[in-house]
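Taking it in order: structure first as structure tokens, then the write-up.
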Amino acid sequence: MNGHLEAEEQQDEKPDQELTGSWGHRPRSTLDRAEAMAPPPPPLAASTPLLHGEFGSYPARGPRFALTLTSQALHIQRLRPKPEARPRGGLVPLAEVSGCCTLRSRSPSDSAAYFCIYTYPRGRRGARRRATRTFQADGAATYEENRAEAQRWATALTCLLRGLPLPGDGEITPELLPRPPRLLLLVNPFGGRGLAWQWCKNHVLPMISEAGLSFNLIQTERQNHARELVQGLNLSEWDGIVTVSGDGLLYEVLNGLLDRPDWEEAVKMPVGILPCGSGNALAGAVNQRGGFEPALGLDLLLNCSLLLCRGGGHPLDLLSVTLASGSRCFSFLAVAWGFVSDVDIQSERFRALGSARFTLGTVLGLATLHTYRGRLSYLPATGETASPTPTHGLPRAKSELTLAPDSAPPMAHSPLHRSVSDLPLPLPLPESALASPGSPEPLPILSLNGGGPELAGDWGGAGDAPLSPDPLLSSPPGSPKAALLSPIAEGPPEIPPSSGLPPATPDAPVAMSTWGPPDHLLPPLGTPLPPDWVTVEGDFVLMLAISPSHLGADMVAAPHARFDDGLVHLCWVRSGISRASLLRLFLAMEHGTHFSLGCPQLGYAAARAFRLEPLTPRGVLTVDGEQVEYGPLQAQMHPGLATLLTGPPGCTGREP
């Protein structure tokens, strides 16, 4: 039977090894993890049609369309009243789709079923805007047959979005879909000049609800709150932990996981980041890996949210950093000394400016440029990965000696402090609606992915009965009974008007990890290094040890770096560089072209471990943007220790 549809559009505002499989199936053991890392089956050609059919419109007096679904896009062609070869908006890349749902008319006499998809296309000015497209399956005489066709399309699209295999010649039924993934969202309401909470409520929660992801949300209240939370979590209840803030909150989460007695299992918990902070470096790297154009602000958040909706994890290298006192912490981003760390810490007083704080801090840092004497030693990388890609023009090291149903299965979980999983979504959704389709309490009229009330309120034309949600799946047998949540936070905590910062102690020490893997490449700090290490000594303007490609959302410090290359990328700038040349380096870093400038003071080395010994008595050291004790430190890379939720790689490629 052909499906029949509507296309009514309403604008609202190591290398490629994946740990994916599907959302909702996080590896629970070493065997499961190995199976999840097995090579996926050969993909279908991007243009291979998977489903094809004719669909009607909603309202019914609209045009009719032909719909074709491939592994990369949904193709829409108008058939009547006037056929179009390539209609406007006729290609919907799956990279722009957050989720879908099925709907039915509230009129008993309407036998049609409806299939709605949620998309986030780019507008003429490049910004993403939410749009919904609803297709009417009306080719059969009975509602049951039309409903089966609508569910077939919704199931196929959801499988493609989540990376689930479609049967070669079998029936496409809702039973192909696993239970909704369960995410713990940690939100720093003070992030991004205080915009984190509003962006989360207005953009993140609606999108992940559309994708069918079940979640609980907790607002962090102070420094190290997230670290304490994850240390006490029952991790078996969750499929991922996602931070909605800047890089600092994820730093707390990862160090909290590694500071548990069961750290070997805990660190396997997939973690994700949705950028609502100032730096957003890791999100910039995730955005680049996903194939999106460089973005900042809300566009970067929407890009990363789309990738999160697709699921899929990638190994993430972590750097174990041992400080002078012997304490240890884990870094996913960078260790900095000199100009970079000075700007990072000194610009804290301009946090109210958002990402502009770094621009202002850089200008002030250039005006008072300092040099620092020190000694950098490192264990060079060996093999092919030791030689950076020549196209980036990197200097040689030797020159210097990373669809939930309406009735989603409820989940049993421990009460969480300040849980807001039933946070009201922004209008047009009713204030009583729950944000998570997997919340324990029943939804009154909000259904699959939050589509029902919106359609009922915005799509109903004169003479057309409004649509209501139609459950795509039923709860699988044996689903756990729901447990009551802890009291709900009715909005963000009050922000102190004086500074806009959380009431945390500014000079509070960064908490350190006592567990985690041993550093087998590092001799005790203060003892001689093995003979195969290389040492660089002199006066430096800056030293940077970075793991991923980005130092900020728009700063590509190591353009050749990958989340799982097993390397720490060492960059340093010697004294003698002019302020103008240093500024040119940072401007070129926006495009990752700074190594091609031929700056003689710029050095680079790919390493597996390093030791930094400041010989200047005063200075600033940071780990992932957090200030740590000043003095000698050393670090070792632990390849693929964590798992980062990244979405599919390069998913934005359009079909020819």
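This one's a predicted model, so the numbers in the text were calculated from it and none came from an experiment. Just the heavy atoms: all of them, side chains too, but no hydrogens, waters or symmetry mates, feed the values below.
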Residues R152 and E149 bridged, charged N to O under 4.0 Å: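 Yes, charged N to carboxylate O under 4.0 Å.
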Lys/Arg N to Asp/Glu carboxylate O, R179 vs D239, below 4.0 Å: yes
Is there a side-chain contact between [X] and [Y], using heavy atoms and a 4.5 Å cut-off?
X	Y	answer
C200	L217	yes
V253	L257	yes
T243	L274	no
L183	W238	no
P178	L164	yes
V242	V271	no

Does the [X] side chain pair with the main chain of [Y], one donor and one acceptor, at a distance under 3.5 Å?
X	Y	value
N287	E293	yes
N216	L184	no
R260	V230	yes
R182	S214	no

Please name the pair of heavy atoms, one in [X] and one in [Y], separated by the smallest distance, quoted to 0.1 Å.
X	Y	value
D138	A112	CB-CB, 4.0 Å
L94	L74	CD2-N, 4.3 Å
P548	A285	CB-CB, 4.4 Å

Looking only at side-chain N and O atoms, does [Y] offer a donor or acceptor that is under 3.5 Å from a partner on [X]?
X	Y	answer
H314	T646	no
T173	E175	yes
R104	N146	no
E210	S98	yes
S109	S107	yes
R130	H203	no

Nearest-0.5 Å distance, [atom1] of residue [X] to [atom2] of residue [Y]:
X	Y	atom1	atom2	value
S111	R147	OG	CZ	14.0 Å
N202	L301	CG	CG	10.5 Å
Q77	L91	CD	CG	12.5 Å

Derivation and outcome, side chain to side chain donor-acceptor pair (under 3.5 Å), residues T119 and E96: CA-CA 5 Å; T119 67; E96 297 178 350; over 6 Å; no
Row check, Y120 ring normal vs R129 NZ/CZ: under 6.0 Å, within 45°: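 No, R129 does not sit over the ring of Y120.
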